[in-house]
Each structure stands twice: as C-alpha cells, then as structure tokens.
Amino acid sequence: MTRLPSYGPVNILVRFAIFSIIAVFVLHFISYVTHIPTQEDIKIPLVIYVVVIVAFNVAAELQIVLDNILERFLPVPKKIKLRLFLQVTVGILFLYFAHRAIMYFIDPKLGIGESRSGVIMGMITGLLFVQMVGNSLTIARFTQKWLDSQEQIAEMKREKLRMDYNSLQDQLNPHFLFNNLSVLKSLIIYDPDVAVEFTENFTDVYRYVLQSKDKRLVKLGEELDFMKAYCALHKERLGEGINVESLVPGNVFDKDIAPLTGQLLIENAIKHNIASREAPLIIKVYVEDDYLVVANSLNRREASYSTKTGLKNLVRRYEILTEREMVVQYDENRFEVKVPLL
C-alpha cells in the first residue's frame with residue numbers, strides 16, 4: 001500500500017523547497033514572456049515573491065491534505081469516479097482562491113495593464129501544474145494498488161493451481177491402494193504364499209507413495225526405481241504374462257517427473273489388456289526427445305470397465321506443471337503415452 005505523505009519537518013521542508021522553486025520559475029517565466037515590469041530598472045518586488053511562493057505552497061499542501069482525507073473515506077480504488085470528481089472539483093476551488101490572492105497583489109504592484117491576460121494564463125498554468133503534482137500522489141497510489149491487486153490475483157491463481165494439483169494427486173493414492181488390495185485379496189484366496197511376498201513388496205511400494213504424496217515433482221531415477229518395484233508385484237502375480245523392459249539411460253535420471261506417473265501408466269496397461277503366457281503384455285519404458293515414453297502392446301480385454309479417470313488426472317497434472325503437452329497415441333497393436341521430462 002502506498003503510504004500517505006508524512007508531515008515530519010524534513011518532508012515539509014522538502015516539499016516547500018520544491019514548490020517554492022516552481023513558484024519562482026513560473027513568476028520569472030511570466031515576467032519574461034509578458035515583459036513586466038515594463039521598465040528594465042524595476043525589479044519584481046519581494047512581496048510578490050512571498051505571495052506567489054506562499055500561494056503555491058498552500059495550494060499544494062491543501063491538495064495533499066485533501067488527498068489524505070479522501071483516502072481515508074474513499075480509498076482507491078473504491079468509488080474511484082466519486083473520488084476523482086471530489087478531488088478535481090475541490091482542487092479547482094483551491095486553485096481559484098490561490099489565483100485570486102496572487103492577482104490581488106500582482107495587479108497593483110506591477111501595473112500589468114495590457115499583459116493582464118498573459119499573467120492570468122501563466123499563473124493558471126503554474127497552479128494547474130501544482131495540482132497535477134498533488135494529484136500524482138493519488139495516481140501513484142492507484143497504480144501501486146493496481147499492481148498489488150494484480151500480484152494478489154496471480155498468487156491466488158498459483159494457489160489454486162497448487163490446490164488443484166494436490167487434489168488430483170490425492171485422487172491417485174486411493175486408486176492405487178484400492179487396486180492393489182484387490183490383487184492381494186485374490187492372492188490370499190488362490191496363492192497364500194505369494195500373497196505374503198506380495199504384501200512385503202507392497203509395503204515398500206506404498207512407502208514411496210506416502211513419501212511422494214506431498215511432492216509436486218520427483219527425480220526420474222527415483223520414479224524408475226519405484227516402477228521397478230511396482231512391476232515386481234505384478235510379475236509375482238502374472239509371471240510370464242507380463243514383460244517390462246526399461247531402456248532409460250542414466251544421464252536423464254536427474255530430470256524431474258510427477259510422482260506416480262509410471263505407476264499409473266503401467267497400471268493402465270495391465271488393467272485394459274490381457275496378460276497371459278499365451279498373450280504376454282509387453283511394456284517398454286524409454287526416453288525420446290526429452291519425453292518419458294511408456295508403450296505397451298495392445299490386446300484388449302473383452303470387458304474392461306473404466307472411467308479413464310487416472311489418465312485424465314495425469315493429463316491435468318501435467319497441464320498444471322508445464323506448457324508441454326502429454327501425448328497419448330495408439331494404433332491396432334500399440335498404445336503409447338509420452339510424458340514431458342521437466
């Protein structure tokens with residue numbers, strides 16, 4: 001917020017000096033243009049200097065007082081039209097009385113005669129300049145508040161994006177837990193020994209899920225380690241029905257990626273495709289043109305219910321994180337998702 005002008009001694013002296021210089025400059029400029037006093041050996045009386053300096057300073061200080069009063073009752077930018085109307089109207093009244101006071105002393109002292117109109121216009125111009133200087137405080141305050149409001153709006157947008165991102169990420173975690181508990185339930189019924197090993201691996205995997213829950217980004221190397229452990233869970237269940245091949249070079253491990261990206265894409269491939277010894281699901285993970293690519297063979301299940309929430313959420317997460325788009329493409333034999341590395 002722009003501070004109101006201070007009435008400390010230093011501030012008053014600075015303003016007095018500035019407006020006094022303006023007043024003297026305007027007086028000499030009028031004298032030069034209108035050729036008054038008409039006789040070269042006659043100088044402008046000291047009383048005229050005093051009157052003009054006092055009038056200019058009083059007009060300026062009244063403008064500042066008016067600005068302070070209006071700022072308390074009609075702060076910018078509230079009711080800005082009324083604020084400007086009052087400030088300009090009252091300001092003009094101040095200038096009118098200041099001008100009348102100046103002319104009251106100048107006219108008899110200098111004998112301006114035919115130069116009267118020039119003197120009047122010169123003084124009006126000078127006083128209007130003083131008003132502009134006084135009103136510049138309002139303009140500066142309005143500009144500062146506008147800039148502050150724009151920053152607040154930008155911060156609100158950033159906060160909304162953070163909230164949207166966290167909301168989308170939170171939707172992944174229950175989804176992940178639900179699917180794996182369903183797998184565990186089946187294993188307990190049909191293969192208790194594998195279920196024990198699966199539970200141990202699941203504990204390690206879900207620890208990563210909890211650790212990454214509040215992170216917007218993780219290192220690609222960390223995500224690949226998680227994907228390896230996650231795929232091991234499904235390997236125990238599906239055996240030769242799934243084959244995951246990772247071909248990511250080590251020089252990109254320090255790139256960033258949204259946490260659980262790989263888990264969602266692998267889960268999506270397993271959920272919608274047949275994975276059996278006769279028709280194994282082949283998943284390849286590699287990097288291409290600064291994108292992490294997760295591609296899988298297509299052998300769709302005949303009945304596979306899906307709301308496609310997981311993939312849609314992932315697309316929205318990357319829309320928040322980057323302007324680079326996530327690419328989803330497929331044909332009769334292959335489904336491929338490209339995720340931008342950050």
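Just so you know, residue 1 is the first one in the sequence shown, and it goes up from there.
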Could you walk me through whether R324 and D290 pass the salt bridge (charged side-chain N to carboxylate O under 4.0 Å, His left out) check? CA-CA 11 Å; R324 297 166 59 199; D290 210 30; 3.5 Å; yes
Atom [atom1] in [X], atom [atom2] in [Y]: separation rounded to 0.5 Å?
X    : Y    : atom1 : atom2 : result
T322 : L217 : OG1   : CG    : 10.0 Å
N296 : N333 : CG    : CG    : 11.5 Å
E288 : L247 : CD    : CG    : 12.0 Å
L82  : L86  : CG    : CG    : 4.5 Å
K338 : L265 : NZ    : CG    : 13.5 Å

Among residues two or more places apart or on two chains, list those pairs meeting ring-ring contact (aromatic ring centres under 6.0 Å, His included) that have a residue in residues 320-342. Y330-F335
Go through the steps for I270 and L238 under the test side chain to side chain contact (heavy atoms under 4.5 Å, CB included), then give the verdict. CA-CA 10 Å; I270 295 172; L238 300 172; 4.2 Å; yes
Which pair of non-hydrogen atoms, one from [X] and one from [Y], has the smallest distance, and what is that distance?
X    : Y    : answer
I266 : C231 : CD1-SG, 3.3 Å
K219 : D254 : NZ-O, 3.2 Å
G262 : M227 : CA-SD, 3.5 Å
I274 : R301 : N-CG, 4.0 Å
F226 : V205 : CE1-CG1, 3.1 Å
R317 : A258 : NH2-CB, 3.6 Å

Residue pair [X] / [Y], side-chain heavy-atom distance below 4.5 Å:
X    : Y    : result
V244 : L281 : no
N268 : L314 : no
E336 : V293 : yes
E245 : I282 : no

Might you work through the side chain to side chain contact (heavy atoms under 4.5 Å, CB included) test for V337 and M326, ending with a clear yes or no? CA-CA 7 Å; V337 179; M326 207 175 92; 3.9 Å; yes
Listed by chain and number, what are the salt bridge (Lys or Arg N to Asp or Glu O under 4.0 Å) partners of D225, not counting sequence neighbours?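 By the salt bridge (Lys or Arg N to Asp or Glu O under 4.0 Å) rule, D225 matches no residue at all.
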Given 3.5 Å as the limit, does a donor-acceptor pair link the side chain of [X] with the main chain of [Y], or not?
X    : Y    : value
Y230 : L260 : no
T199 : A195 : yes
N273 : N299 : yes

Stepwise side chain to side chain contact (heavy atoms under 4.5 Å, CB included) test for V287 and L292: CA-CA 5 Å; V287 170; L292 178 70; 4.3 Å; yes
Check the surroundings of atom [atom1] in [X]: do more than 12 heavy atoms from other residues, nucleotides or ligands lie under 6.0 Å from it?
X    : atom1 : result
Q329 : CD    : yes
Y286 : OH    : yes
F85  : CZ    : no

In terms of hydrophobic clustering (I, L, V, M, F, W, Y; side-chain heavy atoms under 4.5 Å; direct or indirect links), are [X] and [Y] co-clustered?
X    : Y    : result
L342 : V327 : no
V285 : Y291 : no
F253 : L341 : yes
F16  : V14  : yes
V47  : Y49  : yes

Of E223, E222, Q263, the residue whose pairing with Y208 passes side chain to side chain donor-acceptor pair (under 3.5 Å):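 When side chain to side chain donor-acceptor pair (under 3.5 Å) is applied between Y208 and each of E223, E222, Q263, only E223 qualifies.
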